[in-house]
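Read through the structure below, which is laid out as structure tokens, and then see the notes.
First the proteins, then the strands, lettered A, B, ... as listed; each starts at 1. When reading the values below, keep in mind they use all heavy atoms of this one structure, side chains included, and skip hydrogens, waters and symmetry mates.
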Number of protein chains: 2
Amino acid sequence: MKNDQPDSGRRRLLAGSAATIAAATLGREAAAQAAAPAAPAAKPALPGYVAWKNQDHMIVHTSTTIETKRSAFGTSIVTPSDRLYIRNNLPAPDASIVANRDAWQMAVEGVRQPRTLSVADLKGMGLETMATVLQCSGNGRGYFADKPSGTKWSVGAAGCVLWSGVPVRTVVAALGGLADGARFMTGTGGETLPAGIDPKTIMVERSVPVRTFEDALLAWEMNGDPLPHAHGGPLRLIVPGYSGVNNIKYIKRLAFTEQETEAAIQKTGYRMSPPGAKGDPSHPSVWEMDVKSWINGPAPEAGTVKAGWVQIQGVAMGGTRSLRRIDVSLDGGQSWQEARFVGPDLGRFAWRQFVLPVQLKPGQYMLASRAQDVQFNWQVEASPENGGGYLNSGWRSHAFPLTVA
Amino acid sequence: MKNDQPDSGRRRLLAGSAATIAAATLGREAAAQAAAPAAPAAKPALPGYVAWKNQDHMIVHTSTTIETKRSAFGTSIVTPSDRLYIRNNLPAPDASIVANRDAWQMAVEGVRQPRTLSVADLKGMGLETMATVLQCSGNGRGYFADKPSGTKWSVGAAGCVLWSGVPVRTVVAALGGLADGARFMTGTGGETLPAGIDPKTIMVERSVPVRTFEDALLAWEMNGDPLPHAHGGPLRLIVPGYSGVNNIKYIKRLAFTEQETEAAIQKTGYRMSPPGAKGDPSHPSVWEMDVKSWINGPAPEAGTVKAGWVQIQGVAMGGTRSLRRIDVSLDGGQSWQEARFVGPDLGRFAWRQFVLPVQLKPGQYMLASRAQDVQFNWQVEASPENGGGYLNSGWRSHAFPLTVA
């Protein structure tokens, strides 16, 4: 459970100062009003390219791996952009690419009439808005018992995001439909690759089953803003229900192909290999996300609340399917109570928020949740350990202890 | 239509500088990256208490009346907090009230077991999340022909917002139900009133029909953040489908009463009086919002686009009812085409986004929209002129001209 309380050291440091505690726990506007002295930097600060994020709500693992605190998701379904996680496989292209967003170009191949389209072209072709869970393939890695290498994400490499853009199926239809033999949709990121290295070894290029094009979106807006550069702007491929790496940032090429890309990130990376082993094409690719849920409140980091009525709340997702049920356990899975979904349903690729009101007496509790999708698939108790530490959706390891005083 | 192009003067001023144009039209992160020199302050700057808002997207009428630019709503349904409009009837209470949000107290009266509850108490009682249109009673005032006094809002004193809090019906049930004879739900704001003035003449206290308590929410969170102080935090009464003034900020008293409050803001203010006349209790109160829609793109401020395919998009709301249809006109209402709702439906109190793809040839167009609710009520062509300039939902005055080159 250590990964679940990443902030305890910092909080101890701050414990003596009411003003700095206020600054750490309140929204930015209140913090600014309080004019608190700067807190000692016990945790790495946000790097410059995401300085616009809210430091109070983020856990900075490295400059390119930054997660949302479990206490910071709120209960408004949509994850505010200023606390959405960051995970980049390569340094981003120069920020100048968002100076003229409409001029960004993307080649479309593997259609009957291949063409290069600008964002301006795409904006004229169609408009759709959808909510999806964006979740890093390695979210939950920190909960695997055998500690695979890679960032030890807890729950916060995920968010529920509103995207606007043009449906891929609309673009495909406008270009005459898919070419014969297309079995994969392959997206290529626009990152600048260093010279002198075989591009295939480092480029961000991913293939997903071709059927995904029916739901996929080419997005230029996120949560009401032009898609931030740090999240892939000017243009990102959104593959709903598929883990983060498949949602290609700065997309410069969208190809419908007979074969999967030979890029290392596809061929050997993001594979469900056995523990301790490297990936190879014989292992399943990290594609669709599983049914999963976790509890975000009360007090996931403090770990203690007063006795009385408490609304236990969290989020649940079905991967590519809607949910039918969510259960909550107070005793680490020995017994379960059905909880209630709350708030508008943003569609099968979004997550849903749930709540269970309980009257808690003093004592020790272990809060867990398990979701079930409309095809009656339950969230698993434990996900299989794997070499890359991917797709951890096990309810047992995502539980957290709560002390009621 | 002058009110629709509030920024044209500023844009002309900036026309010579590519860097400042980038700063004015891009997101903040891009602007920061571009390190543009400061633009000349041709428009009033945001006041300090809302300095966290995005200046590029706001029109500052006065320090307490600030609207969203028509071009700034985006197409992600939910209005980002950093560009949601501001309209305050009184100076806000001291910002120190959000230093300990859970300690804020509200008296509940007119129930069988009256009680004063803290936000902490309320958080234990229930949790609901909903989307509502928050719209100033005077939104659209600038489009009334006889120019009633008051802020000349165009479309931007409105937004679609996600709220989290406890349903009022849950609180009422916990306190034994409504007392006999309750005909109104009366909310009182926690603003500090100046001494030496009869409180009734200036206090923010509004009564709405008691039936509204079934849908109302006591909200402590907005769009995933603790409710900003500028928007009524720590606690605000949300009366879904009712215009802004009825959604009491800093609520300190919620009373179920036999009579409407005697406060001037209810008795004579916010009444649908005849043009030129002051309000009195014989005039209808400004309560429920009407079915309404408007177009936000393309180019509501620039007013010019290139010929070709264009996605005409906007927002439509049903007040207290869901929508069944939305039409768009390119010729100022001489002919109509049915448009398509896009994106998830956030419920009957939210707005919906719509789109109509059209191939535009060079020429002059007048873009209008009209919505119809599930009870077959059409948005009106023109709202009745009234003394306060309230509830303007007429489609004709909300149209805007577009030049296609």
Rounded to the nearest 0.5 Å, how far apart are [atom1] of [X] and [atom2] of [Y]?
{"X": "Q313(A)", "Y": "L127(B)", "atom1": "CD", "atom2": "CG", "answer": "6.5 Å"}
{"X": "T79(A)", "Y": "N223(B)", "atom1": "OG1", "atom2": "CG", "answer": "12.0 Å"}
{"X": "D225(A)", "Y": "H57(B)", "atom1": "CG", "atom2": "NE2", "answer": "5.5 Å"}
{"X": "D82(A)", "Y": "D82(B)", "atom1": "CG", "atom2": "CG", "answer": "9.0 Å"}

TODO: Please report the shortest heavy-atom distance between P344(A) and L162(B), naming the atom on each side.
DONE: CG-CD2, 4.4 Å
TODO: Locate the shortest heavy-atom distance separating M222(B) from S76(A); write the atom from each residue and the value.
DONE: C-OG, 4.4 Å
Open item on the list: If you define the side chain from C-beta out and look only at heavy atoms, does anything of R340(B) sit under 4.5 Å from E128(A)?
Closed with: yes
Open item on the list: If you define the side chain from C-beta out and look only at heavy atoms, does anything of L346(A) sit under 4.5 Å from L346(B)?
Closed with: yes
- [ ] Tabulate, in ascending numerical order, the residues of residues 351-359 of chain A having at least one heavy atom closer than 4.5 Å to a heavy atom of chain B, or enter 'none'.
- [x]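 At a heavy-atom separation under 4.5 Å, chain B is reached by Q353(A), V355(A).
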TODO: Mind ranking G74(B), G308(B), S164(B) by heavy-atom pairs under 4.5 Å with chain A and telling me who comes out on top?
DONE: S164(B)
TODO: Report the option among S81(B), G224(B), A72(B) that has the most heavy-atom pairs separated by less than 4.5 Å from atoms of chain A.
DONE: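 The answer is G224(B).
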- [ ] Let me know if K306(A) has heavy atoms under 4.5 Å from chain B in its side chain, its backbone, both or neither.
- [x]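 Contact with chain B is absent: no heavy atom of K306(A) under 4.5 Å.
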